[in-house]
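From a predicted model like this one, the values you see are computed outputs, not experimental measurements. Just so we're on the same page: letters track the sequence lines, and every chain starts at 1.
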2 protein chains.
Amino acid sequence: MMAPSFKEYFHLMDDVSDGRPSGSLPRAVALLRTLAASGGEGMRLTNAAATAGVTPASAHRLLRMLIDEGMVEQDARSKYYRLSIEFFSLAARAGNPSNLRDICRPVLLRLSAALGDTVFLLVRSGFDAVCLDRCEGPVSIRSFTNDIGGKVILGVGQGSMAILAHLPESEREEVIRFNLPRLLHFGLFDEVFFRNEIERVRESGFAARGSGLLPDMAGVAVPILDRERRPLAAISIGTTVERLNAERLPTVVQVLRREAEALAPKINPFDAALRRPGQQVGSY
Amino acid sequence: MMAPSFKEYFHLMDDVSDGRPSGSLPRAVALLRTLAASGGEGMRLTNAAATAGVTPASAHRLLRMLIDEGMVEQDARSKYYRLSIEFFSLAARAGNPSNLRDICRPVLLRLSAALGDTVFLLVRSGFDAVCLDRCEGPVSIRSFTNDIGGKVILGVGQGSMAILAHLPESEREEVIRFNLPRLLHFGLFDEVFFRNEIERVRESGFAARGSGLLPDMAGVAVPILDRERRPLAAISIGTTVERLNAERLPTVVQVLRREAEALAPKINPFDAALRRPGQQVGSY
DNA sequence: GCCATCATTACATATAGCGGAAAAACGGCA
DNA sequence: TGCCGTTTTTCCGCTATATGTAATGATGGC
């Protein structure tokens, strides 16, 4: 089986496949999701309506409402709809739960300057991890969570793995059970390998190298743990395989760990979010 | 009059003051805006309801719907509502209209590496400018648009000014008329100074130094212009006053201009977005 | 352990949202 | 230029959905 392209990968993460939403709010959200999944160019009305599972008439009415609300823009002559910059700006403030990003920013800057690599801040979101912040180092990097706001399946990539591995037993199992099919779908893991990897990370306290999903790319990540040793987030650096050689690795891990430990007490422990089961995650 | 703090500044940019919205979608959006304005900690139901101008019962129902949709999270024990990480992740893709961000990213990286300063990418959004992307340089910087997703009044800061100054006459006038009261509200400008500044920027083709809003901070910005010389975006660097001295300035401007000109033809010209008048902007 | 504040549920009413169908605008293509 | 398929937009009657008031249940502070 072939490894999926980035585009395929991210497409599969979108939960557009809602079965006929009812009520105007769910429909509107379905449209927003659809537009988000459409990429930067936007979508035609008919297409968006079909994808979101809404009649064209409703889609038209709803999209107009959303334009009135400033959440959606429409290209003046092509009629293409897209999410608005204002929507982007509005939601950008959601990427700072309990001021996590603000608190971690200086650390990311320091790490990126000290190590010369790209640094990421990741948090869990359901069965995925989301990149909250990123500081570019001089070395150019490709990564699953390259972009701020980018989503990866929990367990894919070092930062994501660091979070998963440090979840408490029951949650960890729940996530593994949910994610295994998603991962196998890509032919990237078999279960034993995956579970071994998780154990290794949990015991060593950091995730390194990772799965070699991206050739020549390597990374290290450590979790930020609260007093009950629950993972609040992960700090991760992305670099090239050659830069992360055997003699440099321990140093990097130590630097990361020190920063993560210093960070932990500063973070106001926010509770696990309340969520309806089975929502907001892709179904395969 | 005192210069406003960052917090005050950004608070004033939030358009939460909708007069009793009717229909479930406008109410929901009002709640989302309210939560966005509340910062990272989130809000209680009652408070959010009052701020959004909705009865507590409605707020409760709507917020539950939004949680079902994955757009809102609720802290398990404190009951505080906040925008969800998934919402953040969803909207992050709105920050790439016509793939503008993807196209500019390599340039930002190159500039940040070459100049050693922090580089910003800004686009217009109504009467404001929004930061789409940012690459940190080694020198630490404070800026109005520090954060990705951050909003500034069109005309404040170099990047924002570069866009405003290069708008076609009629639009420029419209923006100036709308923004003058907002600017005067902060006691930062008088009209003649503001207009002179705009003229200077328009004629020279770049904005430098700027208004000295932030002590010791300086910046340069150039617009990215399409074939009709309409500003599509602005590239801006932020640095310290001393780093941006008289002898370095011309070099920096030239580097920026060259990149901006090389970028222009790559960008698929997207039309002015269709918007209802008088929406989505703060009223003072 | 009490009281005040806040969160949640119940319910009857009206209204806002719904889809089908028709009309109008658009965009090719010859 | 004129025709036709597609897409967008409007209209309208029906229904379901969203609404506020009011009552109940939970929470937290003193």
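Just one of A:L108, A:V107, A:N96 meets the side-chain contact (heavy atoms from CB on, under 4.5 Å) condition when paired with A:D133; it is A:L108.
For A:S24 and B:S24, the side-chain atoms include at least one donor-acceptor pair closer than 3.5 Å. Of the N and O atoms on the side chains of A:R182 and A:N179, at least one donor lies less than 3.5 Å from an acceptor on the other residue. B:R61 and B:S58 share a side-chain donor-acceptor pair at under 3.5 Å.
Atoms CG (A:L63) and P (C:dG17) sit 14 Å apart, rounded to a whole Å. Atom OH in A:Y80 sits roughly 16 Å away from atom P in C:dC26 (whole-Å rounding). Across the protein-nucleic acid pair, A:L25 atom CG and C:dC18 atom C1' stand 15 Å apart, rounded to whole Å. Atoms CG (B:L45) and P (C:dT5) sit 16 Å apart, rounded to a whole Å. Regarding B:L31, its CG atom lies at a distance of 14 Å from the C1' atom of D:dT19, rounded to whole Å. Put simply, CE on A:M43 is 17 Å from C1' on D:dT6, counting in whole angstrom units. At whole-Å resolution of the value, NE2 in B:H60 and C1' in C:dA10 are 13 Å apart. Atoms CG (A:L62) and P (D:dT10) sit 14 Å apart, rounded to a whole Å.
Of the side-chain N and O atoms in B:R61, none sit less than 4.0 angstrom from OP1 or OP2 of C:dT8.
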Please produce a list of atom pairs where a protein N or O lies less than 3.5 Å from an N or O of nucleotides 27-30 of chain D.
none

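Taking five base pairs at each end of the helix from C:dG1-D:dC30 to C:dA30-D:dT1 and finding the rotation axis that steps the C1' atoms of four pairs onto the next four gives two axes whose angle is 60°, to the nearest 10°.
Judged purely by atom type and a 3.5 angstrom limit, A:D226 uses its side chain to pair as donor or acceptor with the backbone of A:R230.
Side-chain atoms of B:I235 and B:L263, non-hydrogen and from C-beta on, do get closer than 4.5 Å to each other. Between B:L83 and B:F88, every side-chain heavy-atom pair lies at or beyond the 4.5 Å cut-off.
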